[in-house]
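Shown next, in structure tokens, is the structure this report addresses.
Nothing fancy with the numbering, it's 1 onward along the sequence. Computed from a prediction, not measured in an experiment: that's the story for all the values here.
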Amino acid sequence: MSFERDIQKFKQKAKNASEATIRAAGLQVFAAIIERTPVGNPEIWLAKNSDGEYVDYLSVNDYPEGYIGGTARGNWQTAVGRRPTGTLDTQDESGRVALAGASLAAASFTLADTLYFANNLPYIQRLEDGWSSQAPAGMVANSVDSFSRAVDGAARKHRI
């Protein structure tokens with residue numbers, strides 16, 4: 001085998017390892033964001049009663065008509081090469097559908113690409129800003145803070 005072929009083999013191994021590292025780290029962070037996204041639960045909501053006091057939502061209201069929790073989780077979208085637009089009519093209380101979409105998109109990621117993860121619901125920024133008692137610190141910022149640790153762990157696993 002020639003030196004040039006050895007270099008080409010090493011270059012391909014390094015590229016494959018880098019892509020695998022980014023895929024694994026990205027999916028780890030995306031999974032954390034999905035998991036931290038609150039699932040609406042009217043049983044823990046508060047509402048003002050006729051005296052202006054905050055009370056258990058269901059003591060003054062019925063469940064919202066047609067309400068199904070998991071819309072925020074169900075709207076996490078992953079794409080390669082383009083930022084996802086629009087919203088989805090998906091309720092995903094477990095987050096499995098959103099994570100499967102992230103896994104599918106990440107599988108086609110290469111170093112020449114950009115991997116996007118987005119949620120376009122009009123209230124997602126309020127959730128990130130602590131609007132829900134289920135995620136008072138948000139979902140994205142504290143998950144992204146762990147990205148460098150995720151990359152380090154994935155890089156150790158995929159090192160050449």
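Between the side chain of Asp152 and the backbone N or O of Arg156, no donor-acceptor pair lies under 3.5 Å. In this structure a side-chain-to-backbone donor-acceptor pair under 3.5 Å is present from Gln134 to Val39. No donor-acceptor pair closer than 3.5 Å links the side chain of Arg36 to the backbone N or O of Gly138. Side-chain atoms of Gln91 do not come within 3.5 Å of backbone N or O of Gly69 as any donor-acceptor pair. Of the possible polar contacts, none joining the Asn75 side chain to the Thr87 backbone as a donor-acceptor pair under 3.5 Å is found. For the pair Ser2 (side chain) and Arg5 (backbone), a donor-acceptor distance under 3.5 Å is present.
Put simply, CG on Leu111 and CD1 on Ile22 are 5.0 Å apart, with the number rounded to the nearest 0.5 Å. For the atom pair CD (Glu4) and NZ (Lys9), the distance works out to 14.0 Å, reported to the nearest 0.5 Å. Atoms CD and NE2, on Glu19 and His158 in that order, are 11.5 Å from each other to the nearest 0.5 Å. With values rounded to the nearest 0.5 angstrom, Leu99 atom CG is found 10.5 Å from Arg96 atom CZ. The NZ atom of Lys11 lies 10.0 Å from the CD1 atom of Ile7; values are rounded to the nearest 0.5 Å.
Placement of Leu88 and Ile124 in two distinct hydrophobic clusters is found when ILVMFWY residues are connected by side-chain heavy-atom separations under 4.5 Å, directly or transitively.
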request  = Could you please spell out the steps behind the side-chain contact (heavy atoms from CB on, under 4.5 Å) verdict for Thr90 and Thr71?
outcome  = CA-CA 6 Å; Thr90 303; Thr71 301; over 6 Å; no

key: Test log, rule side-chain contact (heavy atoms from CB on, under 4.5 Å), inputs Phe147 and Val151   = CA-CA 6 Å; Phe147 184 69; Val151 169; 3.5 Å; yes

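Heavy-atom contacts from other residues, nucleotides or ligands closer than 6.0 Å to CZ of Arg126 number more than 12. The number of heavy-atom neighbours closer than 6.0 Å to CD of Gln8, taken from other residues, nucleotides and ligands shown, is above 12. Counting heavy atoms of neighbouring residues, nucleotides and ligands inside a 6.0 Å radius, atom NZ of Lys15 exceeds 12 of them.
Here the side chains of Pro38 and Met139 are in contact, with some heavy-atom distance below 4.5 Å. Contact check for Phe117 versus Ile34: side-chain heavy atoms found under the 4.5 Å cut-off. Between Asn49 and Ser59, every side-chain heavy-atom pair lies at or beyond the 4.5 Å cut-off. By the 4.5 Å heavy-atom criterion applied to side chains, Leu115 and Thr78 are counted as neighbours.
Considering all non-hydrogen atoms of both residues, Gly74 and Asp92 come closest at CA-CB, 3.5 Å. Of all the heavy atoms in Ala154 and Ala25, the pair that sits closest is CB-N, 4.1 Å. Of all heavy-atom pairs spanning Arg23 and Ala107, the tightest one is NE-O, 3.7 Å. Smallest separation of non-hydrogen atoms from Gln77 and Gly86: NE2-O, 3.0 Å.
Residues that satisfy the side chain to side chain contact (heavy atoms under 4.5 Å, CB included) test with Val140, not counting sequence neighbours, are Ile33, Trp76, Glu128, Val144.
Within the structure, side chain to side chain donor-acceptor pair (under 3.5 Å) pairs that include any residue of residues 107-121 comprise Arg83-Asn120, Thr110-Asp113 (at least two apart or interchain).
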